[in-house]
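See structure below.
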Amino acid sequence: MSTEYLNYITLAGLKEEALAKEEGRKVTIEKVVIGLGLLPNDEQPQNQTVLLKPKAEAVCFVKAIDTEHGFYRVEADIPIPDTGYNYFEIGTLTDTGVLYSYARSRGDYVAGKADSDGKLTRIRLNFRTDNSKLITITHDDSVLYTPITDFEAHVENDEAHEQYERKDNAATDAEIDSESQEKKHVKLPQLWKGIRKYVLDTLWLPLAELIYPVGCPIPYPATEAPPNFIAYIGQPFDKSVFTKLAERFPSGVMPDMRKSYIRGLGVGEKVLSRKEQSVQPLGFKSEPHGHPYAEVQVGYRLKQSEGSAWQVTGMLTRITGSVMVTGKVTGTGDETNPNSFRWLYITRAA
């Protein structure tokens, strides 16, 4: 609803103009006020200093209609009340609290929440002054203005600008993935997706390939590979998807490294060749040496008692041979294992 009034500058308003001129400042009209009071016909609006029964107020803006002849317009949107009412007086207040202008109303209605349909009551007040240069103009036709109530509702709206979006010109996930060069606006989900894709594909993955190339085994303390990785358990993989793995393993099958150790490549050996389990000689080596193993009689041990003949009491012997030892000991189990921890070998899936 929009209502226009011709109102009168009050005597208090004229004094405010004179004081502003004397102090070298502007007259700034700040608010529109409406009330329930009914000014008698025998009383002059110019004499009012306050509204008879103030009801509501709203911040306003001042627009120049004809500055040469001193015509201006004040506009404001009255907040929607809980219950509607009729108002019979209306005025403007300066930033110094002076009632600058006053007008009678015809008893126009301000709709309440139940019957307003969300529409504010906009009031327009026209006035003329002989001190045109003193009036602060707060509205410029070259600028789009919005009421403070509309602005607050706009700020609180989660999709405030949805009505301005071109649905046919928004970047899609597929266009982000394909790095489309078309000029389109980007919503936040697609923006973050694009940033992640750039950081991952352009920065991190090339750096990771330099630091630790795809195909290099990584010990991982779990029974399954984490996302974006693949285990070395002898399974096939899609060479059209994992192209770097296909360069390392052209067969399209991951090596099975379960219960296996990594060994340095020897001269003449083939990369990724497998050496099956074997039991190796263990222990020590030494130069051949002998150990005694036999004795030979070389005489008798004799003893003579006083007044008696010699008696045999034992045999005398010496070592005559030895056994040769090579120092080799062989294993007896089915595996030859050092102390070890069990890990799952994985690599980046790319």
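Scope of the values below: all heavy atoms of this structure, side chains included, with no hydrogens, waters or symmetry mates.
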Would you list the atom pairs, donor with acceptor, under 3.5 Å between side chains in residues 242-258 and any protein atom, with sequence neighbours excluded?
residue, atom, partner, partner atom, Å
Arg248, NE, Val214, O, 2.9
Arg248, NH2, Glu209, OE2, 2.6
Ser251, OG, Val253, N, 3.3
Asp256, OD1, Arg258, N, 3.1
Asp256, OD1, Arg258, NE, 2.9
Asp256, OD2, Arg258, NE, 3.4
Asp256, OD2, Arg258, NH2, 2.8
Arg258, NH2, Ile233, O, 3.2

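- Residues passing the side chain to side chain contact (heavy atoms under 4.5 Å, CB included) test with Ala18, sequence neighbours excluded: none.
- Between Ile218 and Tyr212 there is a side-chain heavy-atom pair separated by less than 4.5 Å.
- Within the 4.5 Å cutoff, no side-chain heavy atoms of Val33 are placed close to those of Ile90.
- Judged by distance alone, the side chain of Glu175 and the main-chain N or O of Thr172 form a donor-acceptor pair under 3.5 Å.
- Criterion: ILVMFWY side-chain heavy atoms under 4.5 Å apart, direct or through other members. Under it, Leu11 and Val27 are part of a common hydrophobic cluster.
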Please list, one pair per line, the donor and acceptor atoms closer than 3.5 Å that link side chains of residues 65-72 to other protein atoms, with sequence neighbours excluded.
residue, atom, partner, partner atom, Å
Asp66, OD1, Glu68, N, 3.2
Asp66, OD1, His69, N, 3.4
Asp66, OD1, His69, ND1, 3.4
Asp66, OD2, His69, ND1, 2.8
Tyr72, OH, Ser132, O, 2.9
Tyr72, OH, Ser132, OG, 2.4

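- Residues in residues 90-101 take part in these side-chain hydrogen bond (donor to acceptor under 3.5 Å, both in side chains) pairs, two or more places apart or across chains: Asn7-Ser101, Glu16-Thr96, Glu17-Tyr100, Thr92-Ser101, Thr94-Thr96.
- Here the closest non-hydrogen pair linking Val110 and Pro81 is CG1-CD, 3.7 Å.
- Between Val74 and Arg124, the closest side-chain pair of non-hydrogen atoms is not below 4.5 Å.
- By the salt bridge (charged side-chain N to carboxylate O under 4.0 Å, His left out) test, Asp177 pairs with Lys193, sequence neighbours left out.
- Here the side chains of Asn131 and Ile135 are not in contact, with every heavy-atom distance at 4.5 Å or above.
- Here Leu265 pairs with Glu269, Val271 under the side chain to side chain contact (heavy atoms under 4.5 Å, CB included) rule; sequence neighbours left out.
- Taking the salt bridge (charged side-chain N to carboxylate O under 4.0 Å, His left out) definition, one finds that Glu22 meets it with nothing, sequence neighbours left out.
- In this structure, the side chain to side chain contact (heavy atoms under 4.5 Å, CB included) partners of Ser260, at least two apart in sequence or on a different chain, are Arg274.
- Between Glu89 and Arg104, no side-chain nitrogen of the basic residue sits less than 4.0 Å from a carboxylate oxygen of the acidic one, so the salt-bridge criterion is not met.
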Assess whether salt bridge (charged side-chain N to carboxylate O under 4.0 Å, His left out) is satisfied between Lys113 and Asp115, documenting all intermediate values. CA-CA 6 Å; Lys113 292 182 178 179; Asp115 53 1; over 6 Å; no
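- Sorted pairs that involve residues 222-237 and meet side-chain hydrogen bond (donor to acceptor under 3.5 Å, both in side chains), not counting sequence neighbours, are lacking altogether.
- Looking only at side-chain heavy atoms (C-beta outward), Phe237 and Ile230 come within less than 4.5 Å of each other.
- When atom types are taken as modelled, the side chain of Gln181 and the backbone of Glu179 share a donor-acceptor pair closer than 3.5 angstrom.
- Distance check, rounded to the nearest 0.5 Å: CD1 of Ile211 to SG of Cys216 gives 12.0 Å.
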Hey, mind stepping through Arg122 and Glu75 against salt bridge (charged side-chain N to carboxylate O under 4.0 Å, His left out) and telling me if it holds? CA-CA 7 Å; Arg122 171 159 289 193; Glu75 295 190 17; 3.5 Å; yes
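- Here the closest non-hydrogen pair linking Tyr109 and Thr121 is O-OG1, 4.3 Å.
- Residue Leu93 comes nearest to Gly97 through the heavy atom pair CD2-O, 4.1 Å, listed as atom of the first residue, atom of the second, then distance.
- Considering only residues two or more places apart in sequence or on other chains, Pro226 meets the side chain to side chain contact (heavy atoms under 4.5 Å, CB included) condition with Tyr220, Phe229, Ile346.
- To the nearest 0.5 angstrom, Ser105 atom OG is 7.0 Å from Phe88 atom CZ.
- Scored by the salt bridge (charged side-chain N to carboxylate O under 4.0 Å, His left out) test, Arg263 finds no partners at all (sequence neighbours excluded).
- Separation of atoms CD1 (Ile195) and CD (Gln190) is listed at 12.0 Å; rounding is to 0.5 Å.
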Residues 38-62 side chain polar contacts: donor-acceptor under 3.5 Å, at least two apart:
residue, atom, partner, partner atom, Å
Gln48, NE2, Val50, O, 3.3
Glu57, OE2, Lys31, NZ, 2.9

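- Taken together through direct or relayed side-chain contacts under 4.5 Å among Ile, Leu, Val, Met, Phe, Trp and Tyr, Ile137 and Ile29 form part of one hydrophobic cluster.
- Between Leu125 and Val32 the shortest side-chain heavy-atom distance falls below 4.5 Å.
- Under a 3.5 Å cut-off, the side chain of Thr10 and the backbone N or O of Leu99 do form a donor-acceptor pair.
- Under the 4.5 Å side-chain heavy-atom criterion for Ile, Leu, Val, Met, Phe, Trp and Tyr, Trp343 and Tyr261 are members of distinct hydrophobic clusters.
- Linking ILVMFWY side-chain heavy atoms closer than 4.5 Å, directly or via other members, places Ile34 and Ile9 in a single hydrophobic cluster.
- Taking the side chain as every heavy atom from C-beta outward, Ile123 and Ile78 approach each other to under 4.5 Å.
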